[in-house]
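Below you'll find the structure, written out as structure tokens, and then a few comments.
Residue numbers start from 1 in every chain, and the chains themselves are labelled A, B, ... in the order their sequence lines are given, proteins ahead of strands. Atoms considered below: every heavy atom in the structure, side chains included; atoms not considered: hydrogens, waters and symmetry mates.
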Amino acid sequence: MHDIRAIRADAAAFDAALVRRGLPSISADILTRDGERRTAQTALQEKQARRNALAKEIGQGKRKGEDTASLEAEATALRGEMEGLEKRAADLDAAIKAILEALPNTLDPEVPDGPDETANVELSRQGEPRDLGFEPKQHFELGEALGMMDFATASKLAGARFTVLRGPLARLERALGQFMLDLHTERHGYAETIVPSLINAATAYGTGNLPKFEEDLFKTTDGRYLIPTAEIPLTNTVAGDILNEKQLPIRLTALTDCYRSEAGSAGRDTRGMLRQHQFRKVELVSIVHPDQSVDEHERMTRCAETVLGMLGLPFRRMLLSSGDTGFSAARTHDLEVWLPGQQMWREISSCSNTRDFQARRMNARFRSADGKTVAHVHTLNGSGVAVGRALIAVMENHQQADGSILIPDVLRPYMGGLERIAAA
RNA sequence: GGAUGGGUGGCCGAGUGGUUUAAGGCAGCGGUCUUGAAAACCGCCGUGCGUGUAAGCGUACCGUGAGUUCGAAUCUCACCUCAUCCGCCA
């Protein structure tokens, strides 16, 4: 959510930010409504002040046994005048809010301009795609040959875009989640958290998922939503709060199932378990002082990179372009892992600094250490990392010529010491 | 699902129609005292919006939304939510 005072202070900068998002300049329209709202509000407040004075006078008069009929008549008349002004101020306020809440976050100056992911910029790379010495298979070919990845049964149970995993492959998915959680809690300072998988509308609004992107969510019969990411409940844990500056930074992590309708992605990634209605993800969320969000964004991205490095997966860090950066983010780093079977880099983590955009929507603030000022916190979120896609990446990168899969060292303690997944 | 009782500032908590300008306490901030700290004492101390160069002034907010009234934290209605008990249940 944008700050109306910032728009008043520098309308040109606001419009320029919208242009970068491919949107028309609308500051003039907003400021016109804002001016009308303030005029109506000021007039209303003057009448409220008069009403309050009259009410006090009437109270005191009645106490003394005086006749207050004429005062009461004036107050009654005043009430009629106030109704129109009150409605006008409220309507304008709602109209301005409706405009502002549909606008995406302002982009970081370093974000490259471009229409879509083709304009993303590679910032760094760790590990290189290597020649396996044989024709690499895709994860679903490997999984089905092992008899441990079953799309037909999943389809029978639920439909397209679901997967049934069995045996050691199912355990590998569990191992990945445990490994990531242990890493982030023991080494990276994130507090392990269990959150609801169902959220109400206010919570989805706070992170920017509502009202614009409702079609991406699964909605329950009682009006709640299945979480598409733990970012939403984790970030909203501080909604409405005024935190003490000493509490910052707050770092939270959770392993949850994520549910996405994948509306609008028909036909994309239909084979395998790359794009599912349900997948597991370890999420990282940081609530920080505004001065710290840039550093925290780098730190968070490195926490996610550490996971991939320890799993022996080649990856690169991308800075998303203006056209590919999400609604709530000011700047996003995607981590793309190399998939030998696909011969492609695929997103496995996305780390975003939303600055105060989400904090404004959910009214999450902190009081300065000296107790004098209250300001919005900055919030960041990142995948640390997507478990289902990590499973794919491990399978494809550590596949052997015979179709077995070598288990990375760091996962073996979570696999009961198993070193290799092979067909039974 | 049924019954009952609640929701007041960062926290606790008083307040059943009119000097409430929401008491009091805790926490926090500043100060006095002290070598320093603690204690004690003194002062400050909710959020948003409007207005103003500013100091300030005004206004709204007591779970949310409507309503009654000249006037609502207080009365009415609906909803949300929490607690406890009963029922059911992993």
For [N], the Watson-Crick or wobble counterpart (both distances under 3.5 Å):
{"N": "A14(B)", "answer": "none"}
{"N": "U76(B)", "answer": "A66(B)"}
{"N": "G28(B)", "answer": "C44(B)"}
{"N": "U51(B)", "answer": "G56(B)"}
{"N": "G87(B)", "answer": "none"}
{"N": "C33(B)", "answer": "none"}

ask   = Would one find a side-chain N or O of Arg50(A) under 4.0 angstrom from OP1 or OP2 of U59(B)?
value = no
request  = Kindly say if Arg38(A) contacts the phosphate of U51(B), meaning a side-chain N or O under 4.0 Å from OP1 or OP2.
outcome  = yes
ask   = What is the distance, rounded to the nearest whole Å, between atom CE of Met82(A) and atom P of U69(B)?
value = 14 Å
Are there any protein N/O atoms within less than 3.5 Å of an N/O atom in nucleotides 70-72 of chain B, and if so, which ones and at what distance?
| from | atom 1 | to | atom 2 | distance (Å) |
| --- | --- | --- | --- | --- |
| C70(B) | OP2 | Arg79(A) | NH2 | 3.4 |
| G71(B) | OP2 | Arg79(A) | NH1 | 3.2 |

ask   = Do the rings of His277(A) and Phe162(A) sit parallel, tilted or perpendicular, given the 30° and 60° boundaries?
value = tilted
ask   = Do you see a donor-acceptor pair shorter than 3.5 Å between the side chains of Glu231(A) and Gln358(A)?
value = yes
List, with names and distances, any nitrogen or oxygen atoms from the protein found under 3.5 Å away from nitrogen or oxygen atoms belonging to nucleotides 7-12 of chain B.
none

